[in-house]
Amino acid sequence: MTQPGDFDPTSLTLDDARRLFEQLQEDLRLADLAYHQNDAPEISDAEYDAKKRQYRALADNFAPLAAEATQLNSVGAPAAAGFGKITHAIRMMSLGNAFDDGDVVDFDKGLRKYLGLGATAPLAYTAEPKIDGLSLSLRYENGILKHAATRGDGETGENVTANARTIADIPQEIANAPAVLEVRGEVYMSHSDFEALNQRHAAQGGKTFANPRNAAAGSLRQLDPEITRARPLRFFAYSWGELSEALASTQFAALQRLRDMGFQTNPLTQHCETLPELIAHYRKIEEQRATLGYDIDGVVYKVDSLDLQARLGFRSTTPRWAIAHKFPAELAWTRLEGIDIQVGRTGALSPVARLHPVTVGGVVVSNATLHNEDYIVGLDSKGEEIRGGKDIRIGDWVQVYRAGDVIPKIADVDLSKRPDDSTLYTFPTHCPECDSLAVREEGDAVRRCTGGLICPAQAVEKLKHFVSRKAFDIDGLGAKQIEMFYNDPTLPIKTPADIFTLQTRDGATLARLKNREGWGDTSANNLFAAIDAKRTIPLARLIFGLGIRHVGEVGARDLALHYLDWDVIARAVDAARPAALAHRAADEAEDAERIAAAQAGRRARIKEVRDKAIATYAVDDQARSAWEDLTGIDGIGATLGLSLSDAFANPDERGAIDALRAHLTTLPPEVPTQSSPVAGKTVVFTGTLEKLTRAEAKARAESLGAKVAGSVSKKTDILVAGPGAGSKEQKARDLGIQIVDEDGWLAMIEGA
DNA sequence: GTGCCTCGAGTTCC
DNA sequence: CTCGAGGCAC
């Protein structure tokens, strides 16, 4: 990187100066924005100063630039605190997992089915070791490293550019690069470097790292890049994000391109023509694992053809065209010292194993999830035995592993070592937090506290959800602060609305806050500003933040897109209430009828019973159509509809929601403005498709903004009919809906 | 009615 | 990351 001292603007042509000038201007603008709006500077003080000096020097030396300067009067260097955020141009996905050869075979089968390939048609892969480090995305513009971001939640990561620049494996400049090039790969630390680092730290009486991965993660997240520079980090490139032009036509060739550009790619990367070759390569890498000199946790397989990758596309969080074949997890034996119950946001009672601390895969584990009461007894959800049907008792020796190398779980129990004083665990029938009855619904795996918002555990967890990253994401108000405010007698936050009245609740808020340890004017005002920043909020985030059972991130987005406005949603859900109740009554009547019929040995008269139950509720047309409109949304069914309806009808919850609404302005969702010719159209596929498989046709249509439905109705815009189309085609004809064959459809979406 | 595929919920440790 | 369950296609 250019140092402030050796920067000489007079050596530049005006064009070069302008390019640099514009880049600096943008960097400074973003840094200022990040500092003021997020209280999280994108760059360090030193870097900010250096940029500002260069910027000023350019403006002083080139008159045309001085006229354009917008950043000369902005404030000085931001205080160092945390990292800025970078939103990835293309989401950083995670990978699906295969835990044995069978999973790999299924993966290959699934791909062939999706692509419509026979069992013997060629389908080549690349296979490479999965490095156990942390992923990093590097963005180059015109060959210059612009920024580096961690994976974060896949959508937004942390800006660690200054640190990435200190890593020798990461080129600062690339010759002959595409105008836009995002390189993705793994930052890691070798075994020898890790040991040397720990020895050095130990000698200086400093902290040592538990494993190379933590050392790499800790080193990359240093606020001072000079500390990162002293840490021996390395980087393997394995993928890419946004590109202004394709790198190659295959995965393998694209990696070769990256190597030519100066990146390290893993030497064990191999092109495999067949499934047995993949497995053989996996075995080979597994054998070499101990001698590689760095940690790997499996082998990644990717479809080699980039055209096929594009056809396969993505599921919600993973690409369809890749999978990670994991090595068997490390196991460790320890004693189960006790079982505690945690109460979740929805009231779920979850048992957690308290373990005698034990090292598993380089990390000391002292807790493990036990899922639910059946799991302790040794049964899975289908009532089938797990662990050979062995139950888990307090005092037992249990075998622990970290599922996906993260979540500690119990794999086995050693009955031969069961001590005489081991105790059977009885699952509580009442909530340990509020003593309300905890019930387990028929067919449900979890027992839930019925206390609702009365239960402090549920109330706190709901608040934590409200401020969480995918909901309101209020800086400085995380889980810890929520706990503190919830339990604070002088300045309580009991409901979401309380957050927004915090500052103005009484004249003494600031004084009260400052009485607490660690709070001063600055931190209090930062918190108030962070809260104010979220008084205007995207509708989907508000809906998600309410924490209504079954309404997750996607459901909230679907609701927002359908209704576009909060009041419309509220009116619709209220209007649908009688129909929702009728629906539940019908479900209950149906269950009762089924049991009665089974006992009496006769056939259940389900339709009759349902109709009768619905009739007892005076469901008017308005209620019926509101309910049908709601549950007609793709992905929203009766369960979700009922849950929503119940939340709105519950006086406590409704009160909290209405109180909250008074403080907020909602932003309507951004309706995807795809300009494809089929955007916003509802399409139905029928008959045999010959060029695309059905799954592929659906995914492609959806990516172009079309809605794919299963049956023809008035709302259908286009019917794509292949050979063998039957009643659907007739119905479409009757309704006067546009009908095209597969080629007609492909022509329609061509070029989009 | 059955069998995918996704989404939601809950969880650990740094 | 995993499991359970909801929703939908076959």
Side-chain angles (χ1 to χ4, degrees), chain A residues 94-97 99 106 109-110 113-114 134 207 209-221 297 314-318 320 324 326 329 340-355 357 359-372 374-375 379-382 386 400-410 441 443-446 448 457-458 461-462 464-465 468 470 479 544 547-558 606 631-643 684-686 693-695 697-699 702 708-711:
Chain A
S94 47
L95 293 177
N97 291 316
F99 296 103
D106 288 346
K109 262 195 203 148
K113 190 173 164 210
Y114 191 94
L134 62 155
K207 263 200 275 183
F209 291 101
N211 54 52
R213 194 168 101 91
N214 287 352
S219 300
L220 191 68
R221 295 189 72 262
D297 56 1
F314 298 90
R315 280 196 273 261
S316 60
T317 58
T318 60
R320 280 197 191 83
K326 300 304 253 322
D340 286 349
I341 296 288
Q342 290 186 357
V343 183
R345 163 167 71 86
T346 61
L349 267 46
S350 309
V352 178
R354 303 294 173 208
L355 305 169
T359 303
V360 193
V363 172
V364 178
V365 166
S366 46
N367 300 307
T369 174
L370 287 167
H371 295 297
N372 53 55
D374 284 350
Y375 193 87
L379 298 174
D380 70 8
S381 62
K382 293 174 197 96
I386 42 178
V400 185
Y401 71 104
R402 296 203 304 148
D405 276 337
V406 183
I407 313 288
K409 297 185 62 168
I410 289 177
E441 302 270 334
D444 215 349
V446 292
R448 286 176 205 280
Q458 285 190 55
E461 293 305 315
K462 249 183 131 131
K464 285 184 194 168
H465 173 81
S468 68
K470 287 178 171 172
F544 176 67
I548 296 165
R549 179 134 97 104
H550 297 128
V551 183
E553 196 190 354
V554 175
R557 199 188 56 213
D558 291 346
I606 286 169
T631 54
I633 301 171
D634 203 15
I636 294 183
T639 307
L640 217 147
L642 266 169
S643 181
V684 175
F685 294 97
T686 187
T693 65
R694 196 163 278 264
K698 180 171 193 277
E702 282 171 350
V708 178
S711 57

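This structure is a prediction, so every number in the text was calculated from the model and none was measured.
Comparing C/dT2, B/dC13, B/dT11 by their closest approach to the side chain of A/I407 singles out B/dT11. The nucleotide whose nearest atom lies closest to any side-chain atom of A/E553 is, among B/dC14, B/dG8, C/dG4, B/dG8. Distance from the side chain of A/A348 is smallest for B/dG10 among the nucleotides C/dA5, B/dT12, B/dG10.
In this structure, A/N367 does not reach the B/dT11 phosphate: none of its side-chain N or O atoms is under 4.0 Å from OP1 or OP2. Residue A/T369 places no side-chain N or O under 4.0 Å from the OP1 or OP2 atom of C/dT2. In this model, the phosphate group of C/dC3 is approached by a side-chain N or O of A/K409 to a distance below 4.0 Å at OP1 or OP2. Note on A/Q342: every side-chain N or O is 4.0 Å or more away from OP1 and OP2 of B/dG10. Contact between the side-chain N/O atoms of A/T346 and the OP1/OP2 oxygens of B/dG8 is not found at any separation under 4.0 Å. Between C/dT2 and A/N97, a contact under 4.0 Å exists linking OP1 or OP2 to a side-chain N or O. Note on A/R549: every side-chain N or O is 4.0 Å or more away from OP1 and OP2 of C/dG6.
Within 4.0 Å of A/Y114, counting heavy atoms only, lies no atom of the nucleic acid at all. Looking at heavy-atom distances under 4.0 Å, A/G555 makes contact with sugar-phosphate atoms alone, never a base. At the heavy-atom level, A/S366 lies under 4.0 Å from the strands shown only through sugar-phosphate atoms. When heavy atoms are screened at a 4.0 angstrom cut-off, A/V446 is found touching no nucleic acid atom at all. Backbone-only engagement by A/R320 is indicated by non-hydrogen atom pairs under 4.0 Å involving sugar-phosphate atoms exclusively. Counting any heavy atom pair closer than 4.0 Å across all strands shown, A/R345 reaches sugar-phosphate atoms only and no base atom.
In this structure, the CG atom of A/N211 is 14 Å from the P atom of B/dC13, given to the nearest Å. In this structure, A/D106 places its CG atom 10 Å from P of B/dC5, rounding to the nearest Å. Rounding to whole angstrom units, CG of residue A/L640 and P of B/dC7 are separated by 12 Å. If you measure from atom CZ of A/R448 to atom P of C/dG4, you get 13 Å, rounded to the nearest angstrom. The NE2 atom of A/H550 sits 10 Å away from the C1' atom of B/dC7 (whole-angstrom rounding). As rounded to whole Å, 11 Å separates atom P of B/dG10 from atom NZ of A/K462. If you measure from atom CG of A/D558 to atom C1' of C/dG7, you get 12 Å, rounded to the nearest angstrom. Between the CG atom of A/N214 and the C1' atom of B/dT12 there is a distance of 13 Å, rounded to whole Å.
Heavy-atom neighbours of A/R354 CZ from other residues, nucleotides or ligands within 6.0 Å: above the threshold of 12.
To the nearest 0.5 Å, the span separating CZ on A/R549 from OG1 on A/T346 amounts to 6.0 Å.
When side chains are defined from C-beta on, A/F544 counts as touching A/H465, because their heavy atoms get closer than 4.5 Å. Residues A/L640 and A/V551 meet the side-chain proximity criterion, which asks for heavy atoms closer than 4.5 Å.
With DNA chain B read from its 5' end, the first of the two nearest nucleotides for A/V352 and A/V551 is the one closest to A/V551. The residue among A/V343 and A/V554 whose nearest nucleotide of DNA chain B lies closer to the 5′ end is A/V554.
Of the possible donor and acceptor atoms, none in the side chain of A/S643 sits under 3.5 Å from a partner among the backbone N and O of A/T639.
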Criterion side chain to side chain contact (heavy atoms under 4.5 Å, CB included) on A/L349 and A/V343, from CA distance to verdict: CA-CA 5 Å; A/L349 267 46; A/V343 183; 4.1 Å; yes
